[in-house]
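In what follows, a single structure is set out as structure tokens and then discussed.
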Amino acid sequence: MGPVVYWMSRDQRVSDNWALLYAQQEAIVHKRTLLVVYCCPPDFVGITSQQLHFMVEGLRSVATHLHKIGIGWIFVQELPDIFLPNLVREVDAHSLVCDFTPLRIHKEWNTSIIQQLTVPFREVDSHNIIPAWVTSAKKEYAAYTIRPKIKRLLGEYLTDIPAVSAHPFPCTDPFFGGHEMWTVPDFPGFHSPAILPFTSGPDQALAAARNFVDYRLQNYGTNRNDPCQNGQSGLSPYLHFGQLSAQRLASMVLTAGWPEETTEPFLEELIVRRELSDNFCFYEDKYDGVEGFSNWAQKTLREHWHDTREFIYTLAQFEAGETHEELWNSCQRDLVYSGKLHGFLRMYWAKKILEWSPDPETALSFAIALNDKYSLDGHDPNGYTGVAWSIGGVHDRAWGERPVFGKIRYMNEAGCRRKFDVDSYITKVAQLTGIK
Ligand SMILES: Cc1cc2nc3c(=O)[nH]c(=O)nc-3n(C[C@H](O)[C@H](O)[C@H](O)COP(=O)(O)OP(=O)(O)OC[C@H]3O[C@@H](n4cnc5c(N)ncnc54)[C@H](O)[C@@H]3O)c2cc1C
């Protein structure tokens, strides 16, 4: 009798993980051991050393925690749709449980795995508070269309999360199918990057969340749009890698004793906007293409496709922060150095890529490539949706028409200057990076 296998991918934590809880419940009912598997594809979609380091450090904490409670863990550098069906067969697994991810590559893996399995395969959405397919059965138009659906269901899903318990049928063998248990090996491409802006791991994630909720949440509503203030939570890398549960964070916010007007702006981002991004990527196959934009946006961009651009840059010039605008270059350097760009500046940054690229399709591919390469929270539905919002008006409305942008909302440095002290930000980035 083999184990229940839980394929961990997007939710890289032991506590507050509904997929792990479900897999453990299955294992207990059927008197099985429980094995957690992480499959790291050999060519891990362009992941950088900062991202890799962040992920590996977090997974090492996961492995240690699982060991303490008798749950097996193996880390393999294999494609999931090749490794997992073989493993399930070889060890006579009872069933396979996996995380939910709306991105294309995961859907393809799932389809391929299902075709090869003869045991039950269950997908559990532990990343959203309400499972994406329950919130809505279709692509939502904007925040105002998904918000009432979320609000209606939130009471039912924003519940206490039970603690994971020591497994009554423990894994004890230090090897499983030739794989060393409870380790994450150093592998080619893994080295400590020069700059480590965030300390990784589920414990660190919870500590950062606690600090934000207790000391900075109260100013979120007023400070979050000013890149010179430490106004945002800074929790997106933890949320992206699943080291922090959004449900846990929302509960911490709601039980901290702050009035509703303090918590509401943050919960709007954490729940409504985040779950809207998953909805977009789940129901829109072309979430990273111009074809994924609304008809009005595609039409207006087509009408301005051949407008004369005053400046046009290559991907290499954008990447090196070599445009004519000092604010944009500072954003790019900040992103490369810190692994994160302030949310307000992300919008300006992407919109300028639209303005200074030969066409919207190229702009979209540049923005996604740079965001995925340098953001610690990149390769995320929030990223694809954020870029699509900036360049393709996704979840936005039509604005006054102008060159290149058509009716897509425009942003520029003058607008930033009205919002915050641009020169202070440029100075801060120069000090941080040592580049003037
Ligand atoms: C061009 C562009 C690219 C982006 N790329 C990413 C990305 O790669 N990864 C990513 O997680 N977010 C991305 N975002 C969304 C947003 O900017 C970030 O989630 C936010 O800045 C992260 O910082 P924080 O955790 O301090 O946010 P906070 O303001 O503290 O918000 C808390 C959490 O709410 C969620 N959230 C906040 N704003 C948004 C939003 N607009 N849409 C969806 N969810 C949101 C995030 O999970 C965030 O961690 C992008 C936005 C744009 C415009």
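Each ligand, and each atom within it, is numbered from 1 in the order the structure gives.
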Of the listed options [options], closest to [atom] (non-hydrogen atoms):
atom                    : options                        : value
atom 5 (N) of ligand 1  : Pro265, Ser277, Pro381, Gly383 : Gly383
atom 41 (N) of ligand 1 : Gln232, Glu269, Arg216         : Glu269
atom 43 (C) of ligand 1 : Leu341, Asn382, Ile391, Asp278 : Asn382

Notebook entry, point to check: Is there a nitrogen or oxygen of Asp377 sitting under 3.5 Å from a nitrogen or oxygen of ligand 1?
Noted result: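 Such a contact does occur with ligand 1.
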Item checked: Heteroatom distance test (Phe266, ligand 1): nitrogen or oxygen, under 3.5 angstrom ->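 N/O-N/O distance under 3.5 Å: no.
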Note to self: For a 4.5 angstrom cut-off between non-hydrogen side-chain atoms, does Trp133 reach Tyr283?
What the structure shows: yes
Margin query: Side chains of Ser245 and Asp16: any donor to acceptor distance under 3.5 Å?
Written below: no
Note to self: Checking Asn371 against Tyr384: is there a side-chain donor and acceptor pair closer than 3.5 Å?
What the structure shows: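 On atom types as modelled, these side chains do not qualify, holding no pair under 3.5 Å.
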Notebook entry, point to check: What's the shortest distance from atom 30 (O) of ligand 1 to any protein heavy atom, and which residue and atom give it?
Noted result: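 Atom 30 (O) of ligand 1 sits closest to the protein heavy atom Ser233 OG, 2.5 Å.
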Next item on the list: Please work out whether any backbone atom (N, CA, C, O) or any side-chain heavy atom from C-beta onward of Asn371 is under 4.0 Å from ligand 1, and answer side chain, backbone, both or neither.
Entry: side chain
Margin query: Can you tell me how the ring of Trp182 sits relative to the ring of His67, calling it parallel under 30°, perpendicular over 60° and tilted otherwise?
Written below: parallel
Check: For the rings on Phe212 and Phe266, is their centre-to-centre separation under 6.0 Å?
Finding: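 Phe212 vs Phe266: aromatic centres under 6.0 Å.
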